[in-house]
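Notes to accompany the following structure.
What you see is a predicted model, and the numbers here were worked out from it, not measured in a lab.
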Amino acid sequence: MIAIREAISPNWAEFLCAGKVCFGLDVASTEGKKSNPSSLTATEYWDRIYWQRLVVRWKTEHYAVMLGILELVIGAVPREQRGVLVVDTSNEKFLARELAKDLSGLVRVVGFYGQQVVRYCGEKSDAKTAMGAAYCSALEDALIAMPPGKWLETDHRLVTRNGARFEADVDAQGNHADTFDSGKLSYWGHVGTGLESCSPSSWRHKSRQGKSRKSNNRASCTRRWGGIRTRRF
């Protein structure tokens, strides 16, 4: 079995600039009788781009291993740059509470409940679909910079659209677009929890006089996301 420090360099954060870093955790589950990996993405907001500085995925049955990975990755980021760790609580409420307790000295853990009904772009939607749409829009607009890597591209491309909803098939190794989910959760940490940065569309907008002006970050986030609730533990 490979050691955590052999798989992830403790010095990975040396490549950060001075922006806020948010983390997204997609916890392993079982899909189609195959065990999916967990995935963690660390995204830094810098110079109006959301840089995915670190993307990892792993399979383990041990909570202590996952906790060790989180402690290593998050602990490497300077404290003043740490944003939040976002965990999907649709099926993992208990785990999110445990992580909030065990990581309380490192980072604030927030839960994202994907089944709640929200209003996004003028239409009712579940929060998971709205978050996926926002993440895809940011990718298409080149506002998110992903690390190079065929495996990461392939994992993202497992996602397909079925109407408004996002679906993903399981590949031969049991991967299930896990990095797509951790990526959108880390992106949500920036645009949806009232931190320093906001949704890309709210950076600037034109007034009726044709002058460009900055939007209020907090108000713009609420307007774009329709007040999606973030739960604390």
Please enumerate all residues that pass side chain to side chain contact (heavy atoms under 4.5 Å, CB included) together with [X], with sequence neighbours excluded.
X: Ala7; result: Ile2
X: Asn11; result: Ser9, Glu14
X: Trp151; result: Val55, Arg57, Thr179

**Study point:** Thr43: partners by side-chain hydrogen bond (donor to acceptor under 3.5 Å, both in side chains), with sequence neighbours left out
**Key:**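 For Thr43, the residues satisfying side-chain hydrogen bond (donor to acceptor under 3.5 Å, both in side chains) (neighbours in sequence not counted) are Ser186.
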Check your understanding: By side-chain hydrogen bond (donor to acceptor under 3.5 Å, both in side chains), which residues pair with Lys101, not counting sequence neighbours?
Key ->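 Applying side-chain hydrogen bond (donor to acceptor under 3.5 Å, both in side chains) to Lys101 gives Glu98.
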Practice item. Would you please classify the geometry between the Tyr135 ring and the His156 ring as parallel, tilted or perpendicular, with 30° and 60° separating the classes? Key: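 The rings of His156 and Tyr135 sit tilted, inter-plane angle from 30° to 60°.
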Practice item. Please state whether the rings of Tyr50 and Tyr187 are parallel, tilted or perpendicular, taking 30° and 60° as the class boundaries. Key: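 Plane angle over 60°, so perpendicular.
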Any donor-acceptor pair under 3.5 Å from [X] side chain to [Y] backbone:
X: Ser39; Y: Val56; result: yes
X: Trp46; Y: Ala18; result: no
X: Asp47; Y: Ile49; result: no

At their closest point, which heavy atom of [X] faces which heavy atom of [Y], and how far apart are they?
X: Ala96; Y: Thr89; result: CB-CG2, 3.8 Å
X: Val86; Y: Trp188; result: CG1-CD1, 3.6 Å
X: Val107; Y: Leu85; result: CG2-N, 3.9 Å
X: Cys17; Y: Arg53; result: SG-NH2, 3.6 Å
X: Cys22; Y: Gly83; result: SG-CA, 3.9 Å

Do [X] and [Y] have side chains that get closer than 4.5 Å, going by heavy atoms?
X: Thr41; Y: Asp181; result: no
X: Val27; Y: Val87; result: yes
X: Leu103; Y: Arg108; result: no
X: Trp58; Y: Ser38; result: yes

Point to revise | Val84: which of Val110, Val109, Val21 passes side-chain contact (heavy atoms from CB on, under 4.5 Å) | key: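 So, applying the side-chain contact (heavy atoms from CB on, under 4.5 Å) to Val84 and each of Val110, Val109, Val21, only Val110 qualifies.
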Say you draw a straight line from [atom1] of [X] to [atom2] of [Y]; how long is it, rounded to the nearest 0.5 Å?
X: Ile69; Y: Ile4; atom1: CD1; atom2: CD1; result: 5.0 Å
X: Leu139; Y: Ile144; atom1: CG; atom2: CD1; result: 4.0 Å
X: Leu99; Y: Ser104; atom1: CG; atom2: OG; result: 11.0 Å
X: Glu44; Y: Lys20; atom1: CD; atom2: NZ; result: 11.0 Å
X: Leu70; Y: Leu106; atom1: CG; atom2: CG; result: 9.5 Å
X: Met146; Y: Trp51; atom1: CE; atom2: CH2; result: 13.5 Å

Check your understanding: Do Asp88 and Tyr113 get their side chains close enough for a donor-acceptor pair, meaning under 3.5 Å?
Key ->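 Note: Asp88 and Tyr113 side chains miss the donor-acceptor criterion.
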Practice item. Would you sort out whether Leu54 and Val73 count as a side chain to side chain contact (heavy atoms under 4.5 Å, CB included), showing the intermediate values? Key: CA-CA 9 Å; Leu54 180 70; Val73 171; 3.7 Å; yes
Check your understanding: Does any pair with a residue in residues 70-86 pass side-chain hydrogen bond (donor to acceptor under 3.5 Å, both in side chains), and if so which ones, sequence neighbours excluded?
Key ->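 Every candidate side-chain hydrogen bond (donor to acceptor under 3.5 Å, both in side chains) pair involving residues 70-86 fails, so no pair, neighbours aside, qualifies.
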Check your understanding: What do the steps show when you test Phe23 against Val77 for side chain to side chain contact (heavy atoms under 4.5 Å, CB included), and what is the final call?
Key -> CA-CA 11 Å; Phe23 310 89; Val77 177; 3.8 Å; yes
